[in-house]
Amino acid sequence: MTRPEAMSTAGTSHGGFPGYGDASPLDLDHAGASARRGMVDRLLGGTFEAWSDAAARVGHCAQPIKLVGSSSRVERATGEVVSSYSSTQEPFGVTYVRCGNRRASVCPACSRIYARDTFEMIRAGVVGGKSVPERVSGNPLVFLTLTAPSFGPVHTAKGGQRCRPRDGHEVCEHGRSVACWQAHESDDLDVGTPICPDCYDYTAHVIWQWWAPELWRRFTITTRRVVARAMGVPASRLREVATLQYAKVAEYQARGVVHFHALVRLDGPKTADGYAPGPEGVSAGVLAGMLEDAAGRVGFDAPPCAGHDVGRLRFGAQVDARSVTATRVDDPDAPLVGEQVAGYLAKYATKAASDTTDPRRASGHYRRLRATIDDLAAHRWPEDEYELLGKWTHMLGFRGHFSSKSRCYSITLGALRRARQRWQRIAADSGRDGREMPVLDFADLMADEEEETTLVVGSWTYVGTGWDTDADTALALAAADRARAYDQWRAEKARTTPKR
Ligand SMILES: [Zn+2]
Ligand SMILES: [Zn+2]
Ligand SMILES: [Zn+2]
């Protein structure tokens, strides 16, 4: 019988992973008594091994989708049935499919796949790979951060420096001291909260957040104009000399307002494969200057909200645009390395607001932000620009995408997903027929997609979501956690093992 501790990463070589083997069973302490009983039932009833296989096949998804039905793979040209599959072949008569949720609080296993795909997508736009030509790594690339302006002083972590040293007697109109002599650590819960909540402009904060996606849109338009002028062409003809590509993520700062991080790349005029060498004479440094220029020019006159007119919205003065190179240079002042930036962006792409277990979300500051949104939303008039504001309270008023990219920045997440599914299917087919798994790289899988000669026909019915018992869910979560720990350990080992 397979024991629980043997299931997490079965079938792979562990090469000394400390979290594997009899000495370190899966962490099931948080599973309740009924979960433990359910687990014992599986072991005694002899269904543990079959369930463990099913869980492994969906990558230990926490709440897989359950389907019943059948499908056949048919040769397009001849109509011949190449293979067929039915859920009745499965040990429990049900086919489990990954939930695919990108939020870690819903499904840790599936959100990790999303994070990995996002990393691959962003990385391919920096150094090439996954069907993106390597020559993109020669194009000017800038890592850009656009922040919100100040809505009032907040407590800030300043790397050991005092937060807000001021004359001890100076007070605001609410009688509160305007000084803070503490040196906050970055995980200090006060960080991001206002020095005086009554001085803080909650209304302006919420209205800025609501229009942040519009500011980003205007920024991309302004940037094209700035680049066109620098290259001596009208903006309408920019695409004849250059195209701007980007991958962008929105991330909440401690004060509860988003800022944008983006990798912006300047390609030459569009070619058949969509990735042209960058235009002559524009370095990453020059591109960084153009982006800073554009960010300073962007503005949007927000319509009044519930009688509040906050005037022209802008990005904060603190625009950070830094050159990125594809390869590492051993110099602390050298430009950022693409690989690191890709990892950084991918991490934030998966960290949506609803997902933060950040204790700040329960703070008075966040409560007041949400109350301000509810207040403003209650005042709306018909056909108001703010009609939907109240539906975004849980996002603190941010209605944009947490992660997006321009069309030709890189490969799409959809193409990555389809390639993975094809790989899994080929692996499953090989396993079933007892054939050896062919060695395939990504290009093969992509090419295969274009030359698809077979068609899948089938009929499936949705019968539910999630594992049948708390015990199964607890086991899947524990195994997913173990797999994550193993991947981390392996990555760390690869990082610390010197390359030869
Ligand atoms: Zn899942
Ligand atoms: Zn402070
Ligand atoms: Zn005050």
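When a ligand or atom number is given, it counts from 1 through the structure's own listing order. We number each residue from 1, following the sequence as shown.
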>> Test of geometry: compute the angle SG(C99)-the Zn ion (ligand 1)-SG(C61) and round it to 10°.
In response: 110°
> What angle, to the nearest 10°, do the atoms NE2 (H184) and ND1 (H155) form about the Zn ion (ligand 2)?
Replying inline: 110°
> Which angle, to 10 degrees, forms at the Zn ion (ligand 2) with SG of C180 on one side and SG of C163 on the other?
Replying inline: 110°
>> Need one value: angle at the Zn ion (ligand 3), C172 atom SG versus C196 atom SG, rounded to 10 degrees.
In response: 110°
>> Check whether W210 reaches the backbone of R399 with its side chain - one donor and one acceptor, N or O, closer than 3.5 Å.
In response: no
> In this structure, which one of H259, H261, E251 forms a side chain to side chain donor-acceptor pair (under 3.5 Å) with T145?
Replying inline: H261
> Using the benzene-type ring in the case of Trp, are the ring centres of F92 and W51 under 6.0 Å apart?
Replying inline: no
>> Suppose you place the vertex at the Zn ion (ligand 1); what is the angle out to C110 SG and C107 SG, to 10°?
In response: 100°
>> So, of the N/O/S atoms that H174 has, which is the nearest one to the Zn ion (ligand 3)?
In response: ND1
>> Determine whether D375 and R368 satisfy the following criterion, salt bridge (Lys or Arg N to Asp or Glu O under 4.0 Å), listing intermediate values before the conclusion.
In response: CA-CA 10 Å; D375 253 18; R368 190 143 168 190; over 6 Å; no
> Is there a side-chain contact between K248 and Y409, using heavy atoms and a 4.5 Å cut-off?
Replying inline: no
